[in-house]
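Take a look at the structure set out below.
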Protein chains: 2
Amino acid sequence: MPLRKRASDRKAEIVAAALRLADAAGPDRPSTAEIARAVGLTQAGLFRHFPTRAALWQAAAAAIAADLEAGWAAALSDAGVGPRERLAALVAAQLAAIERCPALPAILFSPELNADDPAIRARFAELLGRFQGYVAAALGELAAEGALRATLAPADAAVFVTTLIQGLAVRWRLGGRRMALAEEGMRLFRVQAGLFAPEPG
Amino acid sequence: MPLRKRASDRKAEIVAAALRLADAAGPDRPSTAEIARAVGLTQAGLFRHFPTRAALWQAAAAAIAADLEAGWAAALSDAGVGPRERLAALVAAQLAAIERCPALPAILFSPELNADDPAIRARFAELLGRFQGYVAAALGELAAEGALRATLAPADAAVFVTTLIQGLAVRWRLGGRRMALAEEGMRLFRVQAGLFAPEPG
DNA sequence: CTTGTGAGCAAGCGATCGCTAACATATCAT
DNA sequence: ATGATATGTTAGCGATCGCTTGCTCACAAG
C-alpha cells in the first residue's frame with residue numbers, strides 16, 4: 001500500500017469523512033481539524049485537496065446529488081412497468097440513500113449549509129423539487145388510470161409521500177436508528193398507498 | 001423608561017432574540033455576541049443573566065416546552081366535544097406554535113442542541129413523545145368509534161399526521177415562508193383525515 | 001442623602017477557528 | 001538514476017469563540 005494516496009481518492013475519503021461526522025455533529029459542524037483527523041491527515045493537509053472549507057462542502061453536496069440522482073435514475077428505469085411500481089421504487093431509493101448517508105436529511109433541510117452558500121442552496125432546492133416532481137408524476141399517472149381517489153389531488157398525495165419519508169428519517173435519527181428505516185418506511189408507504197386507492201363502491 | 005431592565009425581563013428578551021436568530025442561522029448557531037447585539041447589550045453583559053451559554057439554551061428549551069404545552073393543554077380542553085375535533089385542535093396548535101417560533105422544528109429535530117446537552121435532548125424527546133401520544137390517543141378513540149378504516153392502525157395514522165406537520169414546517173421554512181403554514185397545513189390535514197375515514201361500503 | 005445591590009461596560013484571557021507559508025519526501029516520467 | 005511533480009508536514013497568522021475580571025453607575029430602601 002502506498003504511503004500517499006492519489007488526490008482523487010483522498011478527496012472522496014475526505015468528503016465521506018465529512019459526511020459521516022456531519023451526521024453526529026450537525027451539518028457544516030465538523031471542523032477541518034476533526035475531518036483531517038478522521039482521514040489521518042494534518043489539518044493543513046486538507047487544504048492540499050480543497051482550497052477552502054466551503055469548497056469541501058460543495059464537493060460533499062455534489063456527491064450527495066450524484067448519489068441521489070443515480071438512485072432515482074435506477075428507480076425510474078428498471079421499474080418501467082407502471083406508475084405504482086415506479087412510485088414504490090422511488091420511495092425505496094430515497095430511503096436507501098438516507099440509510100447510506102444518515103446525515104442526508106439534516107444536510108438537505110438545514111440552514112447551515114444553505115445559508116452561506118447560495119449555490120448549494122439552489123442545488124438542493126432543485127434536487128428536492130426533482131424528487132417531488134417524479135413522485136407527483138407517478139401519482140398523476142395513477143390518477144389518470146383512475147387508481148387514485150377522486151377527492152385526492154396528485155400534488156397533495158405527493159406531499160403526503162415526501163413528508164412521510166422525511167419525517168421517518170428524522171424519527172429514525174432521533175431514535176438512535178434502532179428501527180430498520182427501509183423496512184418500516186416501505187411498510188408505512190404501502191399503508192399510505194392503500195389509503196390513496198379509490199373506494200371500491 | 002428605566003435605562004436598566006429587570007433581570008427577568010432581560011432574560012426573556014435574550015431568549016426571544018436567541019430563538020429569533022436561531023431561525024436564520026441554525027440552532028445553537030448564533031454567538032453570544034450576536035445575541036447580545038440583538039438585545040442591545042455587550043457580549044459580557046449577557047453573562048450577568050446566564051452563567052453559561054449552555055444555560056441560555058436550556059432556558060430557551062424551557063420556553064419552547066412551556067409554549068408547546070400551553071398550546072396542547074388548550075387544544076385538549078376547549079375541544080372536549082370529540083376526538084375528531086381534538087385531533088384537529090392539536091394539529092392547529094402545533095402549526096400555530098411553529099408559526100410563532102419558526103426555528104422550532106430545527107431546534108427540536110437538530111442534533112446541535114441535543115448532542116451536547118443530554119438534559120435538553122431528553123426533554124425534547126419527552127415533548128415529541130407526548131404530542132405523538134395525544135395524537136395517537138385521539139386516533140385510537142376514532143378507531144373505537146369505527147371512524148377509522150379497519151386496515152389503518154391508529155399508531156400508523158399518528159405517524160402520518162405528525163410527519164405531515166413536520167414535513168410542512170420544513171417546506172415552509174425552505175420555501176421562504178411564502179405559503180400560509182396554518183391554512184395550508186389544516187387543508188392538507190383535512191384531506192388526510194378524509195383518507196382515514198372508513199369506506200362507506 | 002446615604003448606601004447596598006443589581007445591571008451594565010471595557011478589556012482581555014486561553015482556546016479554537018479557517019487558512020497560509022515554507023519546507024520535506026513519496027511517487028512517477030524520462 | 002534523476003529531476004519534476006504531487007502529496008504531505010510543521011509552524012504560525014489573524015479572527016472569533018465563550019467566558020472572566022475589575023470597575024461603574026442606576027436605582028430602590030432606609
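All chains are named by letter (A, B, ...) in the order of the sequence lines, taking the proteins before the strands, and each is independently numbered beginning at 1. Bear in mind the structure is a predicted one, so any value in this text is a computation, not a measurement.
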_For the backbone of Phe160(B) and the side chain of Gln192(B), can you confirm whether one donor and one acceptor N or O come within less than 3.5 Å of each other?_
yes
*Which whole-number value in Å describes the distance from Arg37(B) CZ to dC9(C) C1'?*
16 Å
*Measure from CZ on Phe47(B) to P on dC9(C) and round the result to the nearest Å.*
14 Å
*The side chain of Ala44(A) lies closest to which of these nucleotides: dC19(D), dA11(D), dC17(C)?*
dA11(D)
*Provide, to the nearest angstrom, the distance between the CG atom belonging to Leu41(B) and the C1' atom belonging to dA10(C).*
14 Å
*asked:* Nearest to the side chain of Arg4(A), heavy atoms from C-beta on, is which of dC19(C), dC17(C), dA6(D)?
replied: dA6(D)
*Calculate the interatomic distance between Arg6(B) atom CZ and dT5(C) atom P; express it in whole Å.*
15 Å
*How long is the line joining CH2 of Trp57(B) and C1' of dG18(D), in whole Å?*
14 Å
*Between Gln94(A) and Trp72(A), does any side-chain donor sit less than 3.5 Å from a side-chain acceptor?*
yes
*Cut-off 3.5 Å, side chains only: do Arg171(B) and Thr162(A) have a donor facing an acceptor?*
yes
_DNA chain D: 5'-proximal contact among Arg48(B) and Ser8(A) (nearest heavy atom)_ = Ser8(A)
*OP1, OP2 of dC17(C) versus side-chain N and O of Thr32(A): anything below 4.0 Å?*
no
*Between dG6(C) and His49(B), is there an OP1 or OP2 to side-chain N/O distance shorter than 4.0 Å?*
no
*Which nucleotide in the set dT9(D), dG18(C), dA10(C) lies at the smallest distance from any side-chain heavy atom of Thr42(B)?*
dA10(C)
_Rounded distance in Å - CZ (Arg53(B)) to P (dT20(D))_ = 14 Å
*Would you mind reading off the distance between Leu46(A) atom CG and dC17(C) atom P, rounded to a whole angstrom?*
13 Å
*Just how far, in rounded Å, is P of dG8(C) from CD of Gln43(B)?*
15 Å
*Name the closest nucleotide to the Arg10(B) side chain, picking from dG18(C), dC19(D), dG8(C).*
dG8(C)
*For atom CZ of Arg130(A), decide whether the heavy atoms of other residues, nucleotides or ligands shown that lie under 6.0 angstrom number more than 12.*
yes
*Candidates Arg100(A), Arg29(A), Arg177(A) - the one meeting salt bridge (charged side-chain N to carboxylate O under 4.0 Å, His left out) with Asp23(A)*: Arg177(A)
